[in-house]
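Here's the structure, in C-alpha coordinates; my notes come after.
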Amino acid sequence: MEIRKPSEVEIEKILALSPQAIFEGTLGEVEPTIEKAKQLVKPLLKKGSYYLIATENYVITGWILIGGSKDQFSDKALGFIYELFVLEEYRGKGISKQLIKTGVEQLKQEGYSEIRLSVFDGNPAIKIYESLGFKNRTITMNISI
(Lines give C-alpha, C1' and ligand atoms only; values in the text may rest on other atoms or scores of the structure.)
Protein backbone atom coordinates (compact mmCIF):
# COMPACT_ATOMS: atom_id res chain seq x y z
CA MET A 1 0.00 0.00 0.00
CA GLU A 2 1.21 3.46 -0.89
CA ILE A 3 -0.08 6.67 0.72
CA ARG A 4 0.53 9.92 -1.15
CA LYS A 5 -1.03 13.10 -2.47
CA PRO A 6 -3.26 12.47 -5.49
CA SER A 7 -2.96 13.80 -9.02
CA GLU A 8 -5.67 16.10 -10.42
CA VAL A 9 -7.25 13.12 -12.22
CA GLU A 10 -7.31 11.16 -8.97
CA ILE A 11 -8.92 14.11 -7.16
CA GLU A 12 -11.71 14.02 -9.74
CA LYS A 13 -12.18 10.28 -9.04
CA ILE A 14 -12.37 11.02 -5.31
CA LEU A 15 -14.93 13.77 -5.89
CA ALA A 16 -17.01 11.37 -7.99
CA LEU A 17 -17.03 8.92 -5.05
CA SER A 18 -17.52 11.60 -2.37
CA PRO A 19 -21.34 11.35 -2.32
CA GLN A 20 -20.99 7.73 -1.15
CA ALA A 21 -18.42 8.77 1.48
CA ILE A 22 -20.72 11.52 2.77
CA PHE A 23 -23.74 9.19 2.75
CA GLU A 24 -21.90 6.58 4.81
CA GLY A 25 -20.21 9.14 7.05
CA THR A 26 -23.58 10.65 7.96
CA LEU A 27 -25.06 7.15 8.47
CA GLY A 28 -27.44 7.66 5.56
CA GLU A 29 -28.80 10.95 6.87
CA VAL A 30 -27.52 12.88 3.85
CA GLU A 31 -27.69 11.77 0.21
CA PRO A 32 -25.53 14.36 -1.54
CA THR A 33 -24.96 14.84 -5.23
CA ILE A 34 -21.52 15.21 -6.79
CA GLU A 35 -22.25 18.94 -7.03
CA LYS A 36 -22.97 19.14 -3.28
CA ALA A 37 -19.84 17.15 -2.48
CA LYS A 38 -17.78 19.55 -4.60
CA GLN A 39 -19.49 22.50 -2.88
CA LEU A 40 -18.33 21.11 0.49
CA VAL A 41 -14.80 20.14 -0.55
CA LYS A 42 -13.63 22.79 -3.05
CA PRO A 43 -13.48 25.63 -0.45
CA LEU A 44 -11.39 23.39 1.82
CA LEU A 45 -8.97 22.61 -1.01
CA LYS A 46 -8.71 26.31 -1.88
CA LYS A 47 -7.80 27.09 1.74
CA GLY A 48 -4.95 24.58 1.69
CA SER A 49 -6.56 21.34 2.83
CA TYR A 50 -5.55 18.31 0.82
CA TYR A 51 -6.20 14.65 0.22
CA LEU A 52 -3.89 11.77 0.91
CA ILE A 53 -4.83 8.61 -0.94
CA ALA A 54 -4.10 4.97 -0.30
CA THR A 55 -3.42 2.98 -3.45
CA GLU A 56 -2.81 -0.65 -4.26
CA ASN A 57 -1.42 -1.37 -7.73
CA TYR A 58 -2.28 2.21 -8.76
CA VAL A 59 -5.94 1.75 -7.71
CA ILE A 60 -7.38 4.14 -5.12
CA THR A 61 -8.51 2.15 -2.08
CA GLY A 62 -9.27 5.06 0.25
CA TRP A 63 -8.49 8.64 1.21
CA ILE A 64 -8.30 11.16 3.99
CA LEU A 65 -8.91 14.89 3.65
CA ILE A 66 -6.85 16.95 6.11
CA GLY A 67 -6.04 20.58 6.71
CA GLY A 68 -5.98 23.44 9.14
CA SER A 69 -8.82 24.87 11.16
CA LYS A 70 -9.37 27.13 14.16
CA ASP A 71 -11.06 26.55 17.47
CA GLN A 72 -14.28 28.55 17.34
CA PHE A 73 -13.85 29.85 20.89
CA SER A 74 -10.12 30.37 21.34
CA ASP A 75 -9.01 30.89 17.71
CA LYS A 76 -6.28 28.31 18.36
CA ALA A 77 -4.91 26.84 15.11
CA LEU A 78 -5.44 23.10 14.89
CA GLY A 79 -5.29 20.30 12.39
CA PHE A 80 -8.52 18.78 11.19
CA ILE A 81 -9.55 15.51 9.56
CA TYR A 82 -12.44 16.47 7.31
CA GLU A 83 -13.09 13.15 5.63
CA LEU A 84 -11.96 9.55 5.79
CA PHE A 85 -13.19 6.88 3.42
CA VAL A 86 -12.14 3.41 2.34
CA LEU A 87 -13.90 1.72 -0.56
CA GLU A 88 -16.03 -1.16 0.64
CA GLU A 89 -14.05 -3.90 -1.09
CA TYR A 90 -10.84 -2.81 0.69
CA ARG A 91 -12.20 -2.51 4.23
CA GLY A 92 -10.83 -4.58 7.10
CA LYS A 93 -7.24 -4.35 5.86
CA GLY A 94 -6.03 -1.52 8.13
CA ILE A 95 -6.18 1.14 5.43
CA SER A 96 -8.17 3.59 7.59
CA LYS A 97 -5.66 3.30 10.42
CA GLN A 98 -2.74 3.88 8.10
CA LEU A 99 -4.41 6.87 6.47
CA ILE A 100 -5.13 8.40 9.89
CA LYS A 101 -1.60 7.77 11.15
CA THR A 102 -0.12 9.32 8.01
CA GLY A 103 -2.52 12.27 8.17
CA VAL A 104 -1.72 12.88 11.83
CA GLU A 105 2.01 12.77 11.08
CA GLN A 106 1.59 15.24 8.19
CA LEU A 107 -0.37 17.67 10.36
CA LYS A 108 2.19 17.30 13.16
CA GLN A 109 4.98 18.15 10.71
CA GLU A 110 3.00 21.23 9.70
CA GLY A 111 3.19 22.41 13.31
CA TYR A 112 -0.22 21.51 14.69
CA SER A 113 -0.24 20.32 18.29
CA GLU A 114 -3.88 19.20 18.24
CA ILE A 115 -5.99 17.43 15.65
CA ARG A 116 -9.77 17.24 15.67
CA LEU A 117 -12.47 15.55 13.64
CA SER A 118 -16.24 15.23 13.68
CA VAL A 119 -17.97 11.88 13.43
CA PHE A 120 -21.61 10.81 13.61
CA ASP A 121 -22.59 8.81 16.69
CA GLY A 122 -22.82 5.15 15.71
CA ASN A 123 -20.24 5.39 12.92
CA PRO A 124 -17.98 2.29 13.10
CA ALA A 125 -14.95 4.54 12.45
CA ILE A 126 -15.24 5.78 16.05
CA LYS A 127 -13.56 2.58 17.25
CA ILE A 128 -10.62 3.20 14.91
CA TYR A 129 -10.27 6.81 16.06
CA GLU A 130 -10.38 5.76 19.72
CA SER A 131 -7.78 3.04 19.15
CA LEU A 132 -5.45 5.77 17.83
CA GLY A 133 -5.94 7.99 20.88
CA PHE A 134 -8.77 10.30 19.84
CA LYS A 135 -11.17 11.20 22.67
CA ASN A 136 -14.64 12.75 22.83
CA ARG A 137 -14.34 16.49 23.15
CA THR A 138 -17.84 17.77 22.42
CA ILE A 139 -21.19 16.14 21.92
CA THR A 140 -23.78 17.56 19.55
CA MET A 141 -27.34 16.71 20.47
CA ASN A 142 -30.61 17.12 18.61
CA ILE A 143 -34.32 16.62 18.98
CA SER A 144 -36.75 16.09 16.13
CA ILE A 145 -39.88 18.19 16.50
Report task. Indicate yes or no for a side-chain donor-acceptor contact from T61 to the backbone of A54 under 3.5 Å, with no hydrogens or angles considered. Result -> yes
Report summary line: Rounded to the nearest 0.5 angstrom, the OH-CD1 distance for Y90 and I95 is 8.0 Å
Query raised in the report: With side chains defined as the heavy atoms from C-beta onward, is the minimum distance between L78 and D71 less than 4.5 Å?
Result: yes
Query raised in the report: Is I34 linked to I11 within one hydrophobic cluster, defined over Ile, Leu, Val, Met, Phe, Trp and Tyr using a side-chain heavy-atom separation of less than 4.5 Å?
Result: no
Requested in this report: Look up atom CG in L132 and atom NZ in K127, then write down how far apart they are to the nearest 0.5 Å.
Outcome: 14.0 Å
Requested in this report: Evaluate side chain to side chain contact (heavy atoms under 4.5 Å, CB included) for L65 paired with L45, printing each intermediate quantity in order.
Outcome: CA-CA 9 Å; L65 176 59; L45 297 175; 3.9 Å; yes
Query raised in the report: Heavy-atom distance under 4.5 Å between the side chains of M1 and Q98, does that happen here?
Result: yes
**Report entry** I22 side, atom CD1; T33 side, atom OG1 - distance, nearest 0.5 Å
**Finding:** 8.5 Å
Query raised in the report: Under 3.5 Å, is there a donor-acceptor pair between the side chain of R91 and the main chain of V86?
Result: yes
Query raised in the report: Below 4.0 angstrom, N of the basic side chain to O of the carboxylate: do E114 and R116 qualify?
Result: yes
Query raised in the report: At what distance, to the nearest 0.5 angstrom, does CD1 of I3 lie from OH of Y51?
Result: 16.0 Å
Report task. Check whether any side-chain heavy atom of F80 sits under 4.5 Å from a side-chain heavy atom of I115, and report yes or no. Result -> no
Query raised in the report: Quick one: does S18's side chain get under 4.5 Å of E83's, heavy atoms only?
Result: yes
Report task. Answer yes if the side chains of E105 and T102 hold a donor-acceptor pair under 3.5 Å, and no otherwise. Result -> no
Query raised in the report: Distance-only, no hydrogens or angles: does the Q106 side chain make a donor-acceptor pair with backbone N or O of G103 under 3.5 Å?
Result: no
Requested in this report: Using the six-membered ring of Y50, assess whether NZ or CZ of K5 lies under 6.0 Å from its centre and within 45 degrees of the ring axis.
Outcome: yes
Requested in this report: Enter the distance from Y129:OH to L84:CG here, rounded to the nearest 0.5 Å.
Outcome: 4.0 Å
Query raised in the report: Between the side chains of E24 and Q20, is a donor N or O closer than 3.5 angstrom to an acceptor N or O?
Result: yes
Query raised in the report: Looking at side-chain heavy atoms only, is the closest gap between I139 and M141 below 4.5 Å?
Result: yes
**Report entry** Taking every non-hydrogen atom, the tightest pair across L107 and G67
**Finding:** CD2-O, 3.7 Å
Requested in this report: Flag the pair S49 / I66 as yes when at least one side-chain heavy-atom distance between them is below 4.5 Å, and no otherwise.
Outcome: no
Query - Shortest non-hydrogen contact between R4 and S7, atoms and distance - result: NH1-N, 4.3 Å
Query - Sub-4.5 Å side-chain heavy-atom contact between W63 and L17 - result: yes
Query - Distance-only side-chain donor-acceptor flag, E2 / Y58, under 3.5 Å - result: no
Query raised in the report: Which is it for L44 and L40 under the side chain to side chain contact (heavy atoms under 4.5 Å, CB included) test, yes or no, and what are the steps along the way?
Result: CA-CA 7 Å; L44 293 172; L40 293 168; over 6 Å; no
Requested in this report: Output, in order, the C-alpha distance, side-chain angles, deciding distance and verdict of side chain to side chain contact (heavy atoms under 4.5 Å, CB included) for E12 and K38.
Outcome: CA-CA 10 Å; E12 288 305 314; K38 286 181 179 181; 3.8 Å; yes
**Report entry** Over 12 non-hydrogen atoms of neighbours within 6.0 angstrom of CG in N57
**Finding:** no
Query raised in the report: Shortest non-hydrogen contact from L99 to G62?
Result: CD1-C, 3.8 Å
Requested in this report: For atom CD of E89, decide whether the heavy atoms of other residues, nucleotides or ligands shown that lie under 6.0 angstrom number more than 12.
Outcome: yes
Query raised in the report: Taking all non-hydrogen atoms of both residues, which atom of Y112 and which atom of A77 are closest, and how far apart?
Result: CD2-C, 4.1 Å
Query raised in the report: Hey, what do you get for CD1 (I81) to OG (S69), rounding to the nearest 0.5 Å?
Result: 12.0 Å
